[in-house]
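This report concerns only the one structure given below.
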Amino acid sequence: MNEVSPKRTALFEEHQKHGARFVPFSGYEMPVQYTGIVDEHQAVRNSAGLFDVSHMGVSFFRGPNALNFVNSIITRDVSELNVLQGAYTLLCHENGGTVDDLIVYRSAEDEMLLVFNASNKEKDFEFFSKFPHEGVELIPASENLSLIALQGPKSPQILKALGFNDEWPKAFEVRHTALAEISTTLLFTGYTGEIGCEIVVHSDKAPELWSKMMQDGKEFGLQPCGLGARDTLRLEMGFSLYGHELNDQINPVEAGLGWAIGWKKENFHGKAALEKIKENKQKKIVALKSQSRQAPRQGMKVLDSKGNTTGEITSGSFSPGLGVGIALALVDQTSSTPYSAELRPGKLLELEQCKRPFITKEK
Amino acid sequence: MSEIRENLRYTTDHEWAEKLSQPKKVKVGITDFAQNSLGDVTFVELPEAGKSVKKGEVIGSVESVKAVSDIFAPLTGKILSVNEALNDDPSPLNTAPFEGGWLIEMEIENEEEWNQLLSAQAYEQHAQ
C-alpha cells in the first residue's frame, strides 16, 4: 500500500454527518461503521442498509462489438446476454490466476458497464486495454461517478418511495431511471445475500441522492452501513472477496467458482490453463464454522485431522446471524474435515466444515 | 468522549484496575476508550482462576467483529476469579466496561506495582 493521503468519495461529508468511523481502504478513506457493525448487519438482514461503494470502479466499453470484445476475454459466456442484463464473471491471467472478479452488464444495445473491485480498477482496465479492441471505446472508471448500494428486504418499498414504480427486476438486471428526480442506473445486485441494487449516479448529485434516500428510507428502518457490516454480510453468504479467496495466484476453479466459467466457449483468456487445473485440482476453498463465539481470523494456519498444516484462513469473522465464528479457508484438495485453526502456537480452535452459504435466506 | 473514572488506576494498554475493600484485592477490566476503539465485542477469552500471573503477561483476549486484542495482566499476582457471565454474553464490555464488563479479580503481590499504574489524569493524556 502506498502512503499517499487517501482519497475521499463524494459522500464523505454525508458519512461524517452520520458519525462514521473511517478507515483507509484501497486508497480511499471509507466508513467502516456508524452505529456498530452488528447493528448495521442486522439492519440489512431485517430492514435495509445504504452503503457507499464509490471506491469501486464503474467502467464503460462502447461500440457495436463491445459485448463480443468482453466475452472473448472473461471466463463467463455472456454471448447471449440481453440488453439490461448482467452476469458475475472472473477475469483470468494466462496461467489461470485471477485478475479480478467483476460483474459485467449490457447497459445498452452497444454498451457494456463493468464494475471492478476498488483495488483492481486500474489493473483491470489496463488488462482489457492490452487486447485488440478496434471499434470499441474503453472508458476507464472515473471519480465522476458514485456507486451506492441499497440492500435489505425493505429495498423495494424504499425505491418505490423514491419514485421507482416498475415491477421488481430479476437479479442482475439493469434499469435506467430517475430516483428523487436524479438520473441513475440501477444494477439489481449486491454483496449481502439480500435483495437490493447498486445505484450508479453522477458524483455531483450523489450527496443529494444519499440524503434523500436516508430521509425517505427512515420509516423503513434504513441505516447507513459501513465496510465492516458489508464484510460480515458477504462472509455469511460465503461470497469470495478479491485479495482473500481470490488473487493473482488463486484460480477460480480452486476457489469454487467453476460455475462462472464458460467451458464451452471457443476461447477466453486463461482457458487452456484452467482446463488443466480442473483435471488436477491442488487446492480448494472450504467453509468452516466454530462451535463458539470465538472466530478464526485471516492468516491463521489451518490444520487437518492429523494435525498437519493444510492451508490457511482467507476470511474469518464472528457471524452476527449464527452467533459463532465463521471462516473461509484455502486448503489442500486432498484434506478433509475435521479442521482446526491455530489461534496461536499450541492453541487450536476446532472447526466444523459446512456448506456455503453459511446462512440460507427464505426468498 | 470516553469516560475515565477518577477512582481507578490505568495501564497504557487501556485497562483499568480498582482496589477492593479487602487488602491486596484488585478488580480489572478494559477502559471505555478501549471498548469504543474495538467496536462490538463478540468473544472474551479469560484466564483460569487460581493462575499466577506476571505483570505484562498475556492472560486472555478480547475479540471484536474485526479484530482480536490481547488482555495483559496489569499487575503481578494470582487470579482469584473471572467474570464467567461474559462467556455467554460479552456485551457488557461495550455497555458497561467499568461495571458488568469487568474481566478478573486478582490478589496482588507488590504494592509498588500498584503505585506505578497511571492515575486518571495520566491515563487521560495517554488516551488522547
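Note that this is a predicted model, so its numbers are computed, not measured. The sequence lines fix the lettering, A, B, ..., with proteins before strands; numbering per chain opens at 1.
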Please rank Thr42(B), Asn94(B), Val68(B) by heavy-atom pairs under 4.5 Å with chain A and give me the top one.
Thr42(B)

CD/Gln33(A) to OG/Ser64(B) distance, rounded to the nearest 0.5 angstrom?
9.0 Å

Nearest heavy-atom neighbours spanning Gly36(A) and Asp40(B)
C-OD2, 3.7 Å

Do Asn36(B) and Arg21(A) come within less than 4.5 Å of each other through their side chains, counting heavy atoms only?
yes

Determine whether more than 12 heavy atoms belonging to other residues, nucleotides or ligands lie under 6.0 Å from atom CD of Gln291(A).
yes

Against chain B, label Asp39(A) side chain, backbone, both or neither, depending on which of its atoms sit under 4.5 Å from a heavy atom there.
backbone

Is atom CD of Gln16(A) surrounded by more than 12 heavy atoms (other residues, nucleotides or ligands) closer than 6.0 Å?
yes

Note: Arg293(A)-Glu63(B) ion pair, threshold 4.0 Å (strictly below):
no

As an exercise: rank Ser61(B), Gly39(B), Ala67(B) by heavy-atom pairs under 4.5 Å with chain A and give me the winner.
Ala67(B)

Could you check whether atom NZ of Lys55(B) has more than 12 heavy atoms from other residues, nucleotides or ligands sitting under 6.0 Å from it?
yes

Greater than 12 external heavy atoms within 6.0 Å of Lys24(B)'s NZ:
no

Using side-chain heavy atoms (C-beta onward) and a distance below 4.5 Å, is Lys66(B) in contact with Arg297(A)?
no

Residue-level contacts of residues 85-92 of chain B with chain A, using a heavy-atom cutoff under 4.5 Å:
Asn87(B), Asp88(B), Pro90(B)

Residue Glu3(B) excluded, over 12 heavy atoms near CD under 6.0 Å
yes

